[in-house]
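Residue numbering restarts at 1 for every chain, and letters A, B, ... go by the order of the sequence lines.
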Number of protein chains: 2
Amino acid sequence: MKPTIYDVAERAGVSIATVSYVLNNQRVGKKSKEKVLQAMRELNYKPSVLASALTGKPTSTIGFLLPDLANPFVAEMARRVEDRAHERGYNLVICSTDFDPNKEALYTSLLKQKSVDGFILAGGFKSVEIIKELLEEQTPVALLAESHPSTSVNSVKVDDFTGGYEVTSYLLSLGHRRIAVLGEDATSTQDRIRGYKQALMENGIEVREEWIAISDFNRGNGERLVGEMLGASDRPTAVFACNDLLAIDAILAAREKKIPVPDDLSIIGFDNTLLSRACDPPLTTMEQPMQDMCSQVVDLLIEEIEGKSDLKKRIIMLPRLIIRQSTGPCPSDKG
Amino acid sequence: MKPTIYDVAERAGVSIATVSYVLNNQRVGKKSKEKVLQAMRELNYKPSVLASALTGKPTSTIGFLLPDLANPFVAEMARRVEDRAHERGYNLVICSTDFDPNKEALYTSLLKQKSVDGFILAGGFKSVEIIKELLEEQTPVALLAESHPSTSVNSVKVDDFTGGYEVTSYLLSLGHRRIAVLGEDATSTQDRIRGYKQALMENGIEVREEWIAISDFNRGNGERLVGEMLGASDRPTAVFACNDLLAIDAILAAREKKIPVPDDLSIIGFDNTLLSRACDPPLTTMEQPMQDMCSQVVDLLIEEIEGKSDLKKRIIMLPRLIIRQSTGPCPSDKG
DNA sequence: ATGAAAGCGCTAACAC
DNA sequence: GTGTTAGCGCTTTCAT
């Protein structure tokens, strides 16, 4: 049987209270501390997190709800969050919610039963009610790549509006005037599109709603949407995809239609994932400072969990344009 | 405060035992059962997994140790495992071990303290000692995309030897005689290389050790290794990469050296991940029946956890060749 | 500085 | 069929 504090206490010739004290670095005589430590080593004793959690102590476990672990961007995020959490002595329970409010409710409830200390909710978390509920019951929460303007909750994200604005400005600077957007049904997309519209407007360019496509989360859907836009006689010369995965959809659509990228069509992504280097042509994209963002949410959450700070923060980071080979001057402008 | 069985019992006018019984679907009178259920609803009662686990019941949590969540292949695997686990009512605690035995030891120990019911160890798990240790203490374990011939442990994987053999046979059938391999330091690579050598030998082709490259786990390392092989005057006409990520490294190396794929160099991958469709040219690759494999390990592990079966199984699935555009006839053979 | 003992929420004999 | 009660392993108050 696994050794318990009783075994350790007995072996060290002290009471279980004393053992518990050394476990928690409380006041203990140097001598008995040494004996206890010795006994622990000899028995290869590992305290039970369960038992200690039952008495009210935290479990050092964080629930991480994300849309879909199979998405490389999300997976990379998960890895960064995991790393930081481990560094801080926490474990991660990961659940993919598929943008489904039912799953969100299910998993938050489940994880609460398992006494996670807090939640990190990653971009694309749908249910504001759940967030509010967690907040009300004082469950520590932090949002990653997402924020809720009206709610007082910790969050870390990039400035999506600026991102959209800068992407569009860059395309404009290349001479493009006919710029399409491919996004998904998420708040980040909305903000990026606002930035896109702003940039167009400032340059006196009309926004064409038929060039704003929102993909659902089925793989290949973006490819179809871009295909349709490219099929029209009057087609865009540039596509701003709201993430790298969608940008690849756009590349596939262009390839299908035999439209050379970037010569006849510029494509720009968002996220700067591994994918953006691997695809052909390598993707011009907006980089999100992933590592930083992930460390920050974890730290934010842990601060709240450990009660070191009860002020909520909203951290906004700035994205950065990475120019590769999927973008070029507007065709009609060329020599 | 969160309601406990005591609250429920009081409200329903029964004893806590009765409440516990309905919780566990034991013999209870229909009447009191109804009352208890009613009380639970009214109080929005959720049982504490901690407390029940402390009495020896399982936690319905599985520890999933994998090499690196940021690797898209691994992430996809994680997602499948997650799905199946959730279907069966289990949660997943995921830890990336980076092929580092120290991390492996750390996380298994940590998760044992948190009373996970069992472990799934994914391909590339280094430490045989840890596996043996888990086995000895009767901790349920299942291996995914990995197996240990000498140990009696549940495992699910593809037949790597056959995979390597078939990849090589296919390349041979295209006329290639100078075939390089790019692998990583994993048992799966070793088996695939055995298959590769076997196929070469059967065709009377000499194995050239300088064409067998093993990449470490630093990104871009594979690219360098292939670059070196392609730089030699006497270079291979085909590269067998032991996973899609490495195949992309090979594509990048070829692109760098301005060697057209597949015209002057055929490249073949393994895994059939999302990447293989997205890259250019789309990758010919061996498909692992990921979804099946993942469901199976989860089921295998849960069977052991729930004590429904104490026989160990080793499940071997067969990989399947997916032909896309990264492979073609050997240059010198061409019209 | 250390120990005795109550209690965290639940399970499972055992008794009725 | 239902209640009583003794734990599960640990924390923590209160004495000493």
Side-chain angles (χ1 to χ4, degrees), chain A residues 1-40 43-61 109-117 306-307, chain B residues 1-40 43-61 109-117 306-307:
Chain A
M1 208 39 209
K2 275 190 61 178
T4 71
I5 22 171
Y6 288 95
D7 304 317
V8 176
E10 190 179 353
R11 183 163 195 118
V14 298
S15 78
I16 59 162
T18 307
V19 178
S20 176
Y21 291 144
V22 351
L23 236 31
N24 297 285
N25 283 311
Q26 311 245 351
R27 53 189 166 98
V28 212
K30 215 168 155 61
K31 249 177 156 169
S32 17
K33 178 164 183 176
E34 206 33 73
K35 281 191 296 183
V36 169
L37 255 20
Q38 177 65 21
M40 286 181 174
L43 294 170
N44 188 27
Y45 167 78
K46 309 266 185 238
S48 150
V49 178
L50 286 186
S52 100
L54 192 57
T55 71
K57 294 195 41 172
T59 55
S60 298
T61 306
S109 165
L110 233 50
L111 295 186
K112 276 192 285 185
Q113 290 180 41
K114 295 207 176 169
S115 303
V116 299
D117 296 337
E306 299 182 348
Chain B
M1 210 37 211
K2 276 191 61 179
T4 71
I5 22 172
Y6 288 94
D7 304 316
V8 176
E10 190 179 354
R11 182 165 196 118
V14 298
S15 79
I16 60 163
T18 307
V19 178
S20 176
Y21 289 145
V22 351
L23 237 31
N24 297 285
N25 284 313
Q26 313 245 350
R27 53 189 167 99
V28 213
K30 216 167 152 60
K31 252 177 151 171
S32 18
K33 178 164 184 177
E34 206 33 75
K35 281 192 296 181
V36 169
L37 255 20
Q38 176 66 19
M40 285 182 177
L43 294 170
N44 187 28
Y45 167 78
K46 308 266 184 238
S48 151
V49 177
L50 287 186
S52 99
L54 192 56
T55 71
K57 294 199 36 172
T59 55
S60 296
T61 306
S109 164
L110 234 48
L111 294 186
K112 277 191 285 183
Q113 290 180 42
K114 296 207 174 166
S115 302
V116 299
D117 297 337
E306 300 182 348

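- With sequence neighbours left out, the side-chain hydrogen bond (donor to acceptor under 3.5 Å, both in side chains) criterion links A:Glu10 to no other residue.
- For the pair B:Leu50 CG and D:dC10 C1', the computed distance is 12 Å after rounding to whole Å.
- Residues satisfying the side-chain contact (heavy atoms from CB on, under 4.5 Å) test with A:Ser52, not counting sequence neighbours, are A:Lys57.
- For A:Leu54 and D:dG9, the CG to P distance is 12 Å, given to the nearest whole Å.
- Annotation for B:Ser48 and B:Ala51: closest pair OG-N, 3.0 Å, computed over non-hydrogen atoms.
- On the nucleic acid side, DNA chain C has its first and last nucleotide under 4.0 Å of a heavy atom of chain B at C:dG9 to C:dC14, going 5' to 3'.
- In this structure, the side-chain hydrogen bond (donor to acceptor under 3.5 Å, both in side chains) partners of B:Glu306, at least two apart in sequence or on a different chain, are B:Tyr90, B:Lys308.
- Tested against A:Val19, the residues A:Thr4, A:Val14, A:Leu37 include a single side-chain contact (heavy atoms from CB on, under 4.5 Å) partner, A:Val14.
- Applying the salt bridge (Lys or Arg N to Asp or Glu O under 4.0 Å) test to A:Lys112 and every residue at least two apart in sequence or in another chain returns A:Glu133, A:Glu137.
- Partners of B:Thr59 under the side-chain hydrogen bond (donor to acceptor under 3.5 Å, both in side chains) rule, at least two apart in sequence or in another chain, are B:Asp117.
- Across its full length, the helix from C:dA1-D:dT16 to C:dC16-D:dG1 shows an angle of 40° between the axes of its 5 terminal pairs at either end, rounded to 10 degrees.
- Every residue two or more places apart in sequence or in another chain that forms a side-chain contact (heavy atoms from CB on, under 4.5 Å) with A:Ser15 is listed here: A:Ala17, A:Thr18.
- Partners of B:Ile16 according to the side-chain contact (heavy atoms from CB on, under 4.5 Å) rule, which considers only residues two or more places apart in sequence or in another chain, are B:Ile5, B:Tyr6, B:Ala9.
- D:dG1 atom P lies 15 Å from atom NZ of B:Lys35, rounded to whole Å.
- Look at CD on B:Glu34: it is 16 Å from P on D:dG1, rounded to the nearest Å.
- Across all strands, A:Thr4 comes closer than 4.0 Å only to sugar-phosphate atoms, never to a base (heavy-atom distances).
- We find that NZ of A:Lys57 is positioned 13 Å from C1' of D:dG9, with the value rounded to whole Å.
- For the pair A:Ser20 and D:dT11, the criterion of a side-chain N or O lying under 4.0 Å from OP1 or OP2 is met.
- Take A:Glu34 and apply the side-chain hydrogen bond (donor to acceptor under 3.5 Å, both in side chains) test, not counting sequence neighbours, and it matches no residue.
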Between the protein and nucleotides 3-6 of chain D, which nitrogen or oxygen pairs come in under 3.5 angstrom?
{"from": "D:dG3", "atom 1": "OP2", "to": "B:Ser15", "atom 2": "N", "distance (Å)": "2.9"}
{"from": "D:dG3", "atom 1": "OP2", "to": "B:Ser15", "atom 2": "OG", "distance (Å)": "3.1"}
{"from": "D:dG3", "atom 1": "OP2", "to": "B:Thr18", "atom 2": "OG1", "distance (Å)": "2.4"}
{"from": "D:dG3", "atom 1": "O6", "to": "B:Tyr21", "atom 2": "OH", "distance (Å)": "2.9"}

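- Mapping B:Lys30 and A:Ala51 onto DNA chain D by nearest heavy atom places B:Lys30 at the nucleotide closer to the 5' end.
- The distance between atom CD of B:Gln26 and atom P of D:dG1, rounded to the nearest whole Å, is 11 Å.
- Within the nucleic acid shown, A:Gly56 has no heavy atom closer than 4.0 Å to any nucleic acid atom.
- By the side-chain contact (heavy atoms from CB on, under 4.5 Å) test, A:Val116 pairs with A:Thr61, A:Leu111, A:Phe119, sequence neighbours left out.
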